[in-house]
Amino acid sequence: MASYTFRSIEDRRKIQSMWESGLTAKDIADEMGMSLSTAYYELKRGQDGTRLPDKRLRYDAETAQLNVQRSLERRGRRAAKA
């Protein structure tokens with residue numbers, strides 16, 4: 001069985017801080033001890049549609065956390081259609 005790790009809101013805030021300071025996804029992955037694909041997925045999860053001064057899409061930790069919570073709420077069996 002696969003082992004999945006969930007990022008805490010503190011981890012997401014650290015990612016946000018590193019991203020806003022100009023670090024790359026590879027730098028963030030190395031610093032946080034995650035794979036590069038996980039770092040890219042996390043950065044995509046937290047995009048809020050605005051841009052940083054260097055034109056990269058902004059990452060928002062609160063948006064990412066909300067998206068994870070919504071995803072977890074949708075898990076499970078689907079309701080039967082009437």
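All values reported here derive from a predicted model rather than from experimental measurement.
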Could you give the distance from [atom1] ([X]) to [atom2] ([Y]), rounded to the nearest 0.5 Å?
{"X": "Q65", "Y": "S8", "atom1": "CD", "atom2": "OG", "answer": "8.0 Å"}
{"X": "L66", "Y": "D48", "atom1": "CG", "atom2": "CG", "answer": "12.0 Å"}
{"X": "M18", "Y": "Q16", "atom1": "CE", "atom2": "CD", "answer": "11.0 Å"}
{"X": "L36", "Y": "I28", "atom1": "CG", "atom2": "CD1", "answer": "10.0 Å"}
{"X": "D11", "Y": "M34", "atom1": "CG", "atom2": "CE", "answer": "7.0 Å"}

Path from I15 to L52 over hydrophobic side-chain contacts below 4.5 Å:
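Yes; tracing contacts between hydrophobic side chains, which count when under 4.5 Å, links both residues.
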Following the transitive rule for hydrophobic clusters with a side-chain heavy-atom cut-off under 4.5 Å over Ile, Leu, Val, Met, Phe, Trp and Tyr, establish whether Y59 and Y41 coincide in one cluster.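 Different clusters.
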TODO: Would you name the heavy atoms of T63 and Q47 that are closest together and state the gap between them?
DONE: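 Heavy atoms of T63 and Q47 come nearest at CG2-O, 3.9 Å.
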Least distance between heavy atoms, A25 atom then A39 atom:
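That closest heavy-atom pairing would be O-CB, 3.7 Å.
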Item checked: Intermediate values then yes/no, side chain to side chain contact (heavy atoms under 4.5 Å, CB included), D27 and E31 -> CA-CA 6 Å; D27 295 334; E31 179 73 26; over 6 Å; no
For the backbone of [Y] and the side chain of [X], can you confirm whether one donor and one acceptor N or O come within less than 3.5 Å of each other?
{"X": "W19", "Y": "R56", "result": "no"}
{"X": "N67", "Y": "R45", "result": "yes"}
{"X": "R58", "Y": "G46", "result": "no"}

**Message:** Check this for me, if you would: do R12 and E62 make a salt bridge, where the nitrogen-to-carboxylate-oxygen distance has to be below 4.0 angstrom?
**Reply:**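 Salt bridge: no.
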Quiz prompt | Pair E42 + R7: basic N to acidic O under 4.0 Å | solution =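 Looking at R7 together with E42, the answer is no, because their closest N to O distance does not fall below 4.0 Å.
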Q) Among side-chain atoms of Q69 and E73, is any donor-acceptor pair under 3.5 angstrom? A)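 The answer is no; no qualifying pair exists.
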Task: Close side-chain approach of R51 and L57, heavy atoms under 4.5 Å - done: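 Counting from C-beta outward, R51 and L57 do come under 4.5 Å.
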